[in-house]
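Here is how names work: the chains are called A, B, and so on, in the same order as the sequence lines, proteins then strands, and each is numbered from 1. Computed from a predicted model, the values in this text were never measured in an experiment.
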Protein chains: 2
Amino acid sequence: MKDVQSDIRFKPVAPRKIYQYILEQFVQMVSAKVIKPGDKIPSERELALAFHVSRPSVREALRVLEIIGLIEVQAGGGAYLKEMELGPFIGVVAPLLFSRENFDLELLDFRETLEIRAVELLAQHMTDDDVTMLKTSLDAMEHAVSTNDPEAGATADVAFHRTLLEASKSYILQKVMDLVVSLFEHSVRGGRSIVLERREDARQLYLDHLHIYRALRNREFDKARNLVVSHLQMVRQLYVMH
Amino acid sequence: MKDVQSDIRFKPVAPRKIYQYILEQFVQMVSAKVIKPGDKIPSERELALAFHVSRPSVREALRVLEIIGLIEVQAGGGAYLKEMELGPFIGVVAPLLFSRENFDLELLDFRETLEIRAVELLAQHMTDDDVTMLKTSLDAMEHAVSTNDPEAGATADVAFHRTLLEASKSYILQKVMDLVVSLFEHSVRGGRSIVLERREDARQLYLDHLHIYRALRNREFDKARNLVVSHLQMVRQLYVMH
DNA sequence: TCTGTCAACTGGTATTACAAGTTAACCATG
DNA sequence: CATGGTTAACTTGTAATACCAGTTGACAGA
C-alpha cells in the first residue's frame, strides 16, 4: 500500500497481430449477418486485397475460423460460411482431455447434469410439438432395434437425447451437449465404440427411452427426471464393463 | 433397400492438410508429456525443418495452438507451452454468442446448473481443506467490502465461486465454469461491468457467500444448495436491472 | 444425353526476403 | 560496482512470389 505499484497498475502491452484484426472484422460481419451461413467467402487473394494484407495473414485467420467450425474450406473450391460447429475444435483438443484419468466417467456424470436440467426446463416449456418430435425419434429407435441394426440404433439413440435437449429450448444446453457428444465420439476406448451392439442392451435402452417418453407425454416430470437418472446409471454400467 | 448404396456406403474422402498433421503430432507430444507447460518450443524454422514442411505450414498450426490457448507466442521471443486455457478462443467466439437474444440470461441459468451440481458433489467429496480454502476466499471478500474496493470485491467474488467448483473435484465442471466466467468477462453490456459497484449490493453478496459457507461448514448441503439458488436469483435480479 | 477436354479459377505449399521484436553479452559511464 | 546504452544474434511477423493440385463450368464431340 505504500508503493506506487499498488495504486497505479501497469498492464502489459500486447500488440495484436494482423490475423487477429482480420478475425475481429470477420466475426463482426458474421454476427451482423453481412455474411450468412451458406454464403461463399471471397477468395483468399481477394480478401488479402480487401484487407490490404498479404495472403499468408489471411490464411492464418482462415485456419482459426476453420477450427472454430465457422467456415468450411475445400481446396480448389472456395470457403463457405456455416453455422458454428465445434467438431473440428474438439478433434484437436480431445486427446489432451482424455489423457486425464477417468475423464470419460466424469463426462458421463456431466452429461447427466445437463440432461436433468433439460428435463427440468421441459417442465416449463414443453409443447405438444416437442412430444411429437420425441415420439418420432423413439419410433426410429424402435425400428432400428427390431431390425437389429446397431449403427442405426446408436444414431436414433443420440437423436432422441438431442431432441430432448432441443425441447428444453436452451441454446447453451444444446451446444454444450453437442460438445459432449463430439467428445464421446472421439473417446479413446476402441475408437468410436460407445455404440452398444449387444441386442439385449439395445432393447433395454429402447425401453428406457420409451418410459422416459411416456412420463414426459403425461407431464410427469419428476418421474421423467428419475427415469433419466436411472437410465444414465445403466449406460454408465454398460460403459465401464466395455 | 434395393440399391447398392444402402449396403455399401461411400464415405467422402477428405485429404488432410499439412497443418493438421503437425497439430496431431504436437498434441500427441503434449499429452505424452514430451513437452511440459513452461517449456520453450523450438523456433518455427527448426520445426519446419524437423517436420520437413515449410514455415507457413508450421505457422498455421501454431495459430491454432495459440487460439486453443495451448501455447503463448511472443514476437521475437519464442513460443512457450502452457496449461490449456480457452480465453483467447472465447475472445473470438463471444461476439457470435452474445448476438443471440437473451444469451446472457441463459448463461446465468447455466451457471446455476453448474454450481448446484458442484454443491451436490461437495456433499460427497468435501474435505476440511476445502472448507479452509472457502474461508480464505470469504475473508478476502469481507476485506474488499469493508475497504469498499469494488474491483477487489469482484475478484474475491469469482475466487469464492471458483473455490467452490475446485472443491467439487470435477475437472469438467471447473473447466466449463471457467468458460462461463470468460464469457461473462466478454459480455457486451457496457464492457466488463458485471462488476457490481453499489455498496449495499456488495454487502449483500458477501452475506450470501457467508451463509453458503456456514451451511457447507456444517455440512448442511441441502441448505447450501438452496442458498446457492437464491443467491443466484439475486445476482440475476441485479443483472437485469443493470 | 452423356462424356471428355480444357481454360480459368480456387486453395495448398514452398521459398525467399525483410521488418520488427527479444535476448544476452558487452561496454561505457556515473 | 551498478546502471544504462549498444550491439549482434537470435526470434516471430509480414510480405511477395511462384508453382502444384483440386474444382468448376463451358464447350466440343461421341
Side-chain angles (χ1 to χ4, degrees), chain A residues 3-5 10-26 29-30 35 37-82 88 91-92, chain B residues 10-26 30 35 37-82 88 91-92:
Chain A
D3 206 310
V4 187
Q5 290 190 2
F10 298 97
K11 294 178 199 166
V13 85
R16 306 178 60 195
K17 302 168 196 173
I18 285 193
Y19 87 92
Q20 290 172 323
Y21 286 103
I22 300 178
L23 270 182
E24 192 178 8
Q25 277 200 49
F26 195 93
M29 283 189 203
V30 174
I35 328 173
D39 287 358
K40 181 169 187 170
I41 294 170
S43 77
E44 295 179 353
R45 293 171 229 271
E46 285 180 66
L47 287 175
L49 226 62
F51 284 121
H52 284 80
V53 296
S54 73
R55 192 149 86 95
S57 294
V58 171
R59 283 182 60 81
E60 290 183 14
L62 290 186
R63 282 300 78 75
V64 174
L65 293 174
E66 199 178 19
I67 285 294
I68 291 178
L70 204 63
I71 66 174
E72 197 155 15
V73 184
Q74 42 182 316
Y80 295 83
L81 194 73
K82 62 172 185 176
V92 177
Chain B
F10 298 97
K11 294 178 198 165
V13 81
R16 304 179 62 194
K17 302 170 196 173
I18 286 192
Y19 87 92
Q20 290 173 323
Y21 286 104
I22 300 178
L23 272 180
E24 192 179 7
Q25 277 200 50
F26 195 93
V30 173
I35 327 172
D39 287 358
K40 181 169 187 171
I41 295 170
S43 77
E44 296 179 353
R45 289 169 231 271
E46 286 181 67
L47 287 175
L49 225 61
F51 285 120
H52 284 81
V53 296
S54 72
R55 193 152 83 94
S57 293
V58 171
R59 284 182 60 80
E60 290 183 15
L62 291 185
R63 283 300 78 75
V64 173
L65 293 173
E66 199 177 21
I67 285 294
I68 291 179
L70 204 63
I71 66 173
E72 198 155 12
V73 183
Q74 41 182 318
Y80 296 83
L81 194 73
K82 61 172 186 176
V92 177

Nearest heavy atoms of B:Leu81 and B:Leu70, plus distance in Å: CD1-O, 3.4 Å
In terms of the nearest nucleotide of DNA chain C, which residue is placed more toward the 5' end: A:Pro15 or A:Glu46? A:Glu46
Euclidean distance, B:Tyr19 OH relative to A:Glu66 CD, rounded to 0.5 Å: 3.5 Å
Rounding to an integer number of Å, can you tell me how far B:Glu72 CD sits from C:dT22 P? 13 Å
Could you tell me the separation between the CD1 atom of B:Ile41 and the CZ atom of B:Phe26, rounded to the nearest 0.5 Å? 3.5 Å
Atom CD of A:Glu60 and atom CD1 of B:Ile67: how far apart are they, to the nearest 0.5 Å? 11.0 Å
Figure out the CG/P separation between B:Leu65 and D:dT12, and round it to whole Å. 13 Å
Distance from A:Leu62 atom CG to A:Arg55 atom CZ, nearest 0.5 Å? 10.0 Å
To the closest 0.5 Å, what do you measure between CD1 (B:Ile35) and CD1 (B:Ile71)? 10.0 Å
For B:Gln20, which contact category applies under a 4.0 Å heavy-atom criterion: base, sugar-phosphate, or nothing? nothing
Starting at atom CD1 of B:Ile41, determine the distance to atom P of C:dT22, rounded to an integer number of angstrom. 18 Å
For nucleotides 12-16 of chain C, which of its nitrogen or oxygen atoms have a protein nitrogen or oxygen under 3.5 Å away, and what is each distance?
unit_1, atom_1, unit_2, atom_2, d
C:dG12, OP1, B:Lys17, NZ, 2.9
C:dG12, OP2, A:Arg59, NH1, 2.8
C:dG12, OP2, A:Arg59, NH2, 3.4
C:dG12, O6, A:Arg55, NH2, 2.8
C:dT13, OP1, B:Ile18, N, 2.7
C:dT13, O4, A:Arg55, NH2, 3.3
C:dA14, OP2, B:Ser54, N, 2.8
C:dA14, OP2, B:Ser54, OG, 3.0
C:dA14, OP2, B:Ser57, OG, 3.0

